[in-house]
Amino acid sequence: MDDEGVDLVFHRRGSSATLAVQVKARMSTGTQVQQGRLMAFVRSQTFQPRTDLDMLFVAVDVERGAVMTAWLIPSGTFGEMVTEPNSRGRFRFSASMKPDAKDRWSPFQLTAAELPRRILARLTELEKTGAE
């Protein structure tokens, strides 16, 4: 989709809640990922935090076609945690992929197995707050 920075939308059948997701993926063939770090940029000009929008940063193993590591961050939280945009007007996301990382993004770090559960938990949160 990629409408207003939205790449995916998750919706649970029988529920009114939907979770819009902006995805920033990096491949295992990239230098940063090979060094154990995921770095991505989000354009500040178009970034509009809202309750039902999350940012998904994901490292993908191109050989297996599988998620290596992911971070699912509510857009409001992302907006509060990023520093000023760089000279090109972009917010920088840079996180360690190590399982025991202790950087500011580590509370949002997920394994491939944890990601679907976290998406379902976010949908449940949205349902409870009535966000649509």
Side-chain angles (χ1 to χ4, degrees):
M1 162 168 185
D2 204 3
D3 182 27
E4 298 176 9
V6 174
D7 298 304
L8 294 169
V9 177
F10 292 99
H11 174 78
R12 189 180 315 181
R13 237 181 250 162
S15 167
S16 60
T18 58
L19 177 64
V21 178
Q22 184 176 78
V23 180
K24 298 292 180 181
R26 296 296 178 263
M27 304 304 134
S28 58
T29 51
T31 305
Q32 292 278 328
V33 172
Q34 289 177 358
Q35 294 172 352
R37 178 158 293 282
L38 189 136
M39 189 161 51
F41 295 93
V42 176
R43 291 182 18 223
S44 63
Q45 301 89 332
T46 56
F47 176 66
Q48 293 293 324
R50 59 182 208 252
T51 308
D52 64 343
L53 173 66
D54 281 14
M55 308 300 293
L56 175 61
F57 299 94
V58 61
V60 178
D61 181 328
V62 296
E63 295 280 320
R64 297 183 306 122
V67 170
M68 297 166 62
T69 307
W71 295 260
L72 187 67
I73 308 168
S75 61
T77 303
F78 179 78
E80 291 167 4
M81 292 178 67
V82 290
T83 55
E84 290 296 310
N86 65 16
S87 61
R88 297 178 71 187
R90 301 185 308 173
F91 296 120
R92 186 179 121 180
F93 174 86
S94 180
S96 171
M97 292 172 53
K98 295 177 182 157
D100 59 348
K102 298 287 183 239
D103 61 31
R104 66 180 158 170
W105 304 112
S106 61
F108 305 97
Q109 187 173 355
L110 302 162
T111 64
E114 293 168 329
L115 181 58
R117 288 192 292 267
R118 183 65 190 133
I119 291 167
L120 291 172
R122 284 288 292 132
L123 283 167
T124 299
E125 290 170 20
L126 293 171
E127 225 173 289
K128 287 179 181 171
T129 61
E132 297 186 36

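Side-chain atoms are counted along with the backbone in the values below, which use heavy atoms only and exclude waters and symmetry mates. Residues take their numbers from the sequence shown, with the count starting at 1.
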*Which is it for Met81 and Arg104 under the side chain to side chain contact (heavy atoms under 4.5 Å, CB included) test, yes or no, and what are the steps along the way?*
CA-CA 8 Å; Met81 292 178 67; Arg104 66 180 158 170; 3.9 Å; yes
Shortest non-hydrogen contact from [X] to [Y]?
| X | Y | answer |
| --- | --- | --- |
| Gly79 | Phe47 | CA-CE2, 3.8 Å |
| Pro85 | Gly89 | CB-C, 3.7 Å |
| Ser75 | Met55 | CA-CG, 4.3 Å |
| Val6 | Arg50 | CG2-NH2, 3.9 Å |
| Thr18 | Leu126 | O-CD1, 3.4 Å |
| Thr111 | Glu114 | N-OE1, 2.7 Å |

Shared ILVMFWY cluster between [X] and [Y], side chains joined below 4.5 angstrom?
| X | Y | result |
| --- | --- | --- |
| Phe108 | Leu38 | yes |
| Val33 | Val42 | yes |
| Met27 | Val23 | yes |
| Trp105 | Met39 | no |

How many angstroms lie between [atom1] in [X] and [atom2] in [Y], if you round to the nearest 0.5 Å?
| X | Y | atom1 | atom2 | value |
| --- | --- | --- | --- | --- |
| Ser28 | Gln34 | OG | CD | 7.0 Å |
| Gln109 | Asp103 | CD | CG | 7.5 Å |
| Leu8 | Ile119 | CG | CD1 | 8.0 Å |
| Arg12 | Thr124 | CZ | OG1 | 3.5 Å |
| Glu80 | Thr77 | CD | OG1 | 5.5 Å |

*Who pairs with Arg122 by salt bridge (charged side-chain N to carboxylate O under 4.0 Å, His left out), at least two apart in sequence or on another chain?*
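Arg122 satisfies salt bridge (charged side-chain N to carboxylate O under 4.0 Å, His left out) with Asp54, Glu125 once adjacent residues are dropped.
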_Taking Leu110's backbone N and O only, do any of them form a donor-acceptor pair with Arg118's side chain (distance below 3.5 Å, no angle check)?_
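Looks like no, no N/O pair under 3.5 Å.
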_Checking the side chain of His11 only, and the main-chain atoms of Ser16 only, is there a donor and an acceptor separated by less than 3.5 Å?_
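Checking the backbone N and O of Ser16 against the side chain of His11, no donor-acceptor pair under 3.5 Å is found.
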Below 3.5 Å, can you tabulate the donor-acceptor pairs from side chains in residues 91-102 to any protein atom, sequence neighbours excluded?
| unit_1 | atom_1 | unit_2 | atom_2 | d |
| --- | --- | --- | --- | --- |
| Ser94 | OG | Arg37 | NH1 | 3.0 |
| Ser96 | OG | Lys98 | N | 3.2 |

Which atom pairs, one a donor and one an acceptor, fall under 3.5 Å between side chains of residues 59-70 and the rest of the protein, sequence neighbours left out?
| unit_1 | atom_1 | unit_2 | atom_2 | d |
| --- | --- | --- | --- | --- |
| Asp61 | OD1 | Glu63 | N | 2.9 |
| Asp61 | OD1 | Arg64 | N | 3.1 |
| Asp61 | OD2 | Arg64 | NE | 3.0 |

*Phe78, Trp71, Phe41 screened by ring pair (Phe, Tyr, Trp, His ring centres under 6.0 Å) with Phe57, the one that passes*: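 Of the listed options, the one satisfying the test is Phe78.
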*Identify the residue among Thr46, Asp7, Ile73 that makes a side chain to side chain contact (heavy atoms under 4.5 Å, CB included) with Gln22.*
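Answer after filtering Thr46, Asp7, Ile73: Asp7.
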